[in-house]
Student: 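Quick one: the structure is below, questions incoming.
Each residue takes its place number in the sequence, starting with 1.
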Amino acid sequence: MAGYIARRLLQAIPVLLGTTFLIYFMVFAMPGDPIVALFGEKTPPPQVLERIREEYNLDQPFIVQYFIFLFGIFRGDLGTSFSGQPVASILADTFPVTLRLALLAVIFEMVAGITVGLVSGLRKGGIFDASALVVSLILISLPVFVIAFVAQFIFGIQLGWFRTTVGTGAPIQDLILPALVLATISFAQISRLTRASVIDTDTQDFVRTAASKGLARRRIIPVHILRNSLIPVVTYLAVDFGVLMVGATVTEGIFNVPGVGRTLYQAIIRGEGPTVVSFVTVMVLIYLVVNLLVDLMYAVLDPRIRYAK
């Protein structure tokens with residue numbers, strides 16, 4: 001196991017280097033001068049522009065800028081935004097909010113999706129299965145901003161169960177509604193994925209062997225069917241968690257969530273390269289760690305899986 005973890009960590013190094021290089025190149029290759037854009041319609045003196053470019057190493061060749069950024073990452077220095085605030089400080093303020101939002105969404109979609117998918121798989125072709133399919137197709141076809149506005153109107157304005165926008169400090173009760181919105185589409189995917197996996201597992205030889213030995217159905221379903229059906233679901237949840245950490249921009253904007261997605265979008269609009277690159281780099285690191293943890297969970301879910309030394 002230790003050897004497997006070491007190999008995966010070594011494999012993550014070129015992935016991290018390649019990803020950061022592409023991100024840095026795409027961000028700083030965008031047309032326009034972000035330093036000039038900071039002053040709006042005003043025309044600053046050339047000396048001021050030169051001093052700011054030198055401060056942010058923008059007067060250096062691209063490859064030199066990249067290695068300065070890379071060495072800073074290894075030292076734990078994420079750089080400074082064009083507003084003068086350390087990027088690490090901005091990340092420290094926004095990351096916990098998005099993390100809570102993503103965790104809530106994953107919990108909602110995991111509990112609801114696996115439950116519905118399990119029942120649909122065990123009762124395939126029935127009324128429940130058909131109803132779940134219709135609901136899943138409807139949720140998949142709706143854009144997330146439509147679901148968000150409808151949820152705001154019904155549960156926030158009409159029923160008054162939730163606030164329509166997230167308050168100061170992003171308390172957990174204010175994140176429930178946006179988390180439910182984020183979970184809707186993934187719930188549909190997880191329920192269908194679980195259903196297909198349950199149907200396939202239910203026909204395996206080890207399930208029939210367990211039944212022939214006299215094990216009760218209530219024992220076979222959680223231990224033999226559900227446990228072995230969760231491998232593709234766990235893989236999807238890991239990918240979805242990474243997507244939620246970075247791609248919740250629309251939902252965070254609609255609900256005014258002070259998280260990573262909204263901050264990243266604003267940084268892109270303002271052309272703040274250091275903030276964009278540092279944020280995305282941290283998200284890549286999280287994505288790599290989550291995928292490693294998921295791979296290690298496979299052996300827990302399916303004892304037949306063993307990692308070679």
Student: Report yes if some heavy atom in the side chain of Glu109 is under 4.5 Å from a heavy atom in the side chain of Leu182; otherwise report no.
Tutor: no
Student: According to a 4.5 Å side-chain heavy-atom criterion applied to Ile, Leu, Val, Met, Phe, Trp and Tyr, with indirect links allowed, do Leu177 and Ile154 form part of one hydrophobic cluster?
Tutor: yes
Student: Do the side chains of Val280 and Leu17 join up, straight or via other hydrophobic residues, at under 4.5 Å, putting them in one cluster?
Tutor: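 Yes: a chain of side-chain contacts under 4.5 Å links Val280 to Leu17.
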Student: Would you check if the side chain of Ser186 reaches a backbone N or O of Ala183 as a donor-acceptor pair within less than 3.5 Å?
Tutor: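 No, because the side chain of Ser186 does not come within donor-acceptor range (under 3.5 Å) of the backbone of Ala183.
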Student: Between atom CZ of Phe279 and atom OG1 of Thr94, what is the distance when rounded to the nearest 0.5 Å?
Tutor: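 Taking CZ in Phe279 and OG1 in Thr94, the distance rounds to 4.0 Å.
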Student: Supply the atom-to-atom distance Ser197 OG to Leu230 CG, rounded to the nearest 0.5 angstrom.
Tutor: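 Interatomic distance, Ser197 OG to Leu230 CG, rounded to 0.5 Å: 7.5 Å.
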Student: Are Val146 and Ile140 co-members of a hydrophobic cluster defined by side-chain heavy atoms under 4.5 Å apart?
Tutor: no
Student: Would you say Leu142 ends up clustered with Ile254 if hydrophobic residues are merged whenever their side chains have heavy atoms under 4.5 Å apart, either directly or through other cluster members?
Tutor: yes
Student: If hydrophobic clusters are built by linking Ile, Leu, Val, Met, Phe, Trp and Tyr wherever their side-chain heavy atoms come under 4.5 Å apart, do Phe255 and Leu159 end up in the same one?
Tutor: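 Phe255 and Leu159: one cluster.
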Student: To the nearest 0.5 Å, what is the distance between CG (Asp93) and OG1 (Thr263)?
Tutor: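 The CG atom of Asp93 sits 9.0 Å away from the OG1 atom of Thr263.
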Student: Look at the rings of Phe155 and Trp161 and say which category their plane angle falls in: under 30° parallel, 30 to 60° tilted, over 60° perpendicular.
Tutor: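 Taking Trp161 first and then Phe155, their aromatic rings sit tilted (interplane angle of 30° to 60°).
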Student: Any chance you could lay out the side-chain contact (heavy atoms from CB on, under 4.5 Å) test for Gln152 and Val181, step after step, and finish with the verdict?
Tutor: CA-CA 10 Å; Gln152 276 185 327; Val181 170; over 6 Å; no
Student: Counting only N and O atoms by type, is there a donor-acceptor contact under 3.5 Å from the side chain of Thr115 to the main-chain atoms of Ala112?
Tutor: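 Pair absent, no side-chain N/O of Thr115 close to backbone of Ala112.
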Student: With respect to Ser229, which candidate in Ile199, Ile114, Leu118, Thr201 satisfies the side-chain contact (heavy atoms from CB on, under 4.5 Å) definition?
Tutor: Thr201
Student: Check which hydrophobic residues are tied to Val116 through side-chain heavy-atom contacts below 4.5 Å, counting indirect links as well, and list them.
Tutor: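 In the cluster with Val116 are Val119, Phe128, Val135, Leu139, Phe187.
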Student: Using only atom types and a distance under 3.5 Å, with no angle test, would you say the side chain of Ser141 pairs donor to acceptor with the backbone of Ile138?
Tutor: yes
Student: To the nearest 0.5 Å, what is the distance between CG (Leu104) and CG (Leu180)?
Tutor: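 Rounded to the nearest 0.5 Å, the CG-CG separation comes to 8.5 Å.
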Student: What pair of heavy atoms forms the shortest contact from Tyr66 to Phe21, and how long is it?
Tutor: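 Distance-wise, the nearest heavy atoms are CE1-CA, 3.5 Å.
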Student: Output the distance between atom CG (Leu99) and atom CG (Leu175), rounded to the nearest 0.5 Å.
Tutor: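 Interatomic distance, Leu99 CG to Leu175 CG, rounded to 0.5 Å: 11.0 Å.
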Student: Can you tell me how far CZ of Arg100 sits from OG1 of Thr98, rounded to the nearest 0.5 angstrom?
Tutor: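 Those atoms lie 9.0 Å apart.
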Student: Please list, chain by chain and in numerical order, all residues satisfying salt bridge (Lys or Arg N to Asp or Glu O under 4.0 Å) with Arg219, sequence neighbours excluded.
Tutor: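 None.
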Student: Verify side-chain contact (heavy atoms from CB on, under 4.5 Å) between Val257 and Thr251, making sure each step is shown before the conclusion.
Tutor: CA-CA 8 Å; Val257 180; Thr251 305; 5.9 Å; no
Student: Taking side-chain hydrogen bond (donor to acceptor under 3.5 Å, both in side chains) as the definition, give me every residue that meets it alongside Arg208, ordered by chain and number, with sequence neighbours left out.
Tutor: Asp205
Student: Under 3.5 Å, side chain of Asp129 to main-chain N/O of Gly125, donor-acceptor pair present?
Tutor: yes
Student: Specify the closest pair of heavy atoms between Arg192 and Ser136, including all atoms of both residues, with the distance to one decimal.
Tutor: CD-OG, 3.6 Å
Student: Got a sec: does the CD1 of Ile157 have more than 12 other heavy atoms crowding it under 6.0 Å?
Tutor: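 Atom CD1 in Ile157 is packed in, count exceeds 12.
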